[in-house]
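Just so we're clear, the structure is a prediction, and the values are computed from it rather than from any experiment. Sequential numbering from 1 along the given sequence is applied to the chain's residues.
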Amino acid sequence: MRIYNKDNHLRIIDNKIYLYNIDFSLSSNEDILDILLTDVADISFKECKFSNIDTSNKIIKAPISFINCAFDGDMSCNDTEFCKAIYFDECLFKKKVSFINAIFNKSIEFRNSIFYSVADFTDNNLSFCQAFNIVALVFQNEAFFNGRNFNNGKIMECRFEAPFWFDNCKFGTRFKTMGHIFNCKKRKEFLTCLQVLKFSLRASGFDIAAKDIENYELEVRKEQKIQTIDEGKGLISDSSNIKQDNPNLYTTENVAHILRIRPNTLAVWRTQRKGPKPTYIGRKVFYKKEDIDEYLNKAK
């Protein structure tokens, strides 16, 4: 990974900025803002590493994408106005992520990413957003979406390991939600979270989804255990519990599900000697539980 140097790396080609495999950890916030505030057709970061980022009270005019990036410090985008779409895919957020009162004039999307610390997307203004999409995310700490207008976005296949808050949210007619996994250990707070989400869904006319949440809530109170809820299908078993002949061995597909990445990403990582240590049995590839745990602990 190359250490960022403005003179060497900041190039505008065809009105686009593309930055690949660059370490911004030693860069100042002003260096990052110089890039993000550039008014171009597209800004793309791929396999880059960042420390603290603060765009608070700024107006960002270009569409921005972060692909397979690591954020080792806090990300503060409070009261930031994003004029175009912003997209995160296969990213690791190790410290607090804050988009409080951020305005999204187009769309914002997070996919296949892990939040190790608090993620706060609270909006006190119920700002309009064309689509607020969160898909296949893992929240290991509290997540706040209070007051957000999801419009016709989606919340799909997310894993919540801690309390999650959707108080006073709005959902559009084509909004979708399904396939979540809840592993919140704080039982009273977890049940309160379900109630809050249920009320927000019902207030937007999503009676069927709200009823699914209600049924799930009653089942949790009755059975005192966490399962998966899938809209339209009710309760299903937690798909993260891998059952194999050897419970200590995980397949590539199992690990991709746990890390919220694509299976082919793991294949690429093996060639680059990245990611969890693989175990080969004949021609088949497996991963040991202790190697997965070691990788996750190092990634924190």
Option passing ring pair (Phe, Tyr, Trp, His ring centres under 6.0 Å) with Phe110 (candidates Phe145, Phe121, Tyr87): Phe121

Residues in side-chain hydrogen bond (donor to acceptor under 3.5 Å, both in side chains) contact with Asn146, at least two apart in sequence or another chain: none

Residue list, side-chain hydrogen bond (donor to acceptor under 3.5 Å, both in side chains) with Ser127, at least two apart or on another chain: Asp123

Under 3.5 Å donor-acceptor, Arg11 side chain and Asp7 backbone: yes

Residue list, side-chain hydrogen bond (donor to acceptor under 3.5 Å, both in side chains) with Thr80, at least two apart or on another chain: Thr55

Ring pair (Phe, Tyr, Trp, His ring centres under 6.0 Å) between Phe66 and Phe71, worked out: CA-CA 10 Å; Phe66 296 89; Phe71 299 86; 5.5 Å; yes

N/O donor-acceptor pair under 3.5 Å between Ser204 side chain and Phe171 backbone: yes

Spacing of OH belonging to Tyr20 relative to CZ belonging to Arg2, to within rounding of 0.5 Å: 8.5 Å

Ion pair Lys49/Asp72, N-O distance below 4.0 Å: yes

From Asn124 atom CG to Thr122 atom OG1, the distance as rounded to the nearest 0.5 Å: 7.0 Å

Polar contact flag, side-chain donor to acceptor under 3.5 angstrom, Asp89-Asn112: yes

Distance (rounded to the nearest 0.5 Å) between Ile53 CD1 and Lys95 NZ: 13.5 Å

Between CE on residue Met75 and CZ on residue Phe93, distance to nearest 0.5 Å: 5.5 Å

Exam field: side chain Thr177 to backbone Ile155, donor-acceptor pair closer than 3.5 Å: yes

Leu126 atom CG: more than 12 heavy-atom contacts under 6.0 Å: yes

Minimal non-hydrogen separation, His180 against Cys158, with atom names: ND1-N, 3.1 Å

Separation between CD of Glu90 and CG of Asn68, rounded to the nearest 0.5 Å: 5.5 Å

Exercise: do Gln130 and Asn152 side chains pair donor with acceptor under 3.5 Å: no

Nearest-0.5 Å distance, CD1 of residue Ile43 to CD1 of residue Ile17: 4.5 Å

Distance-only donor-acceptor check, side chains Ser56 and Ser76, under 3.5 Å: no

Exercise: do Ser98 and Asn78 side chains pair donor with acceptor under 3.5 Å: yes

Whether Asp212 side chain and Ala209 backbone form a donor-acceptor pair below 3.5 Å: no

Donor-acceptor contact below 3.5 Å, side chain Asn101 vs main chain Asp79: no

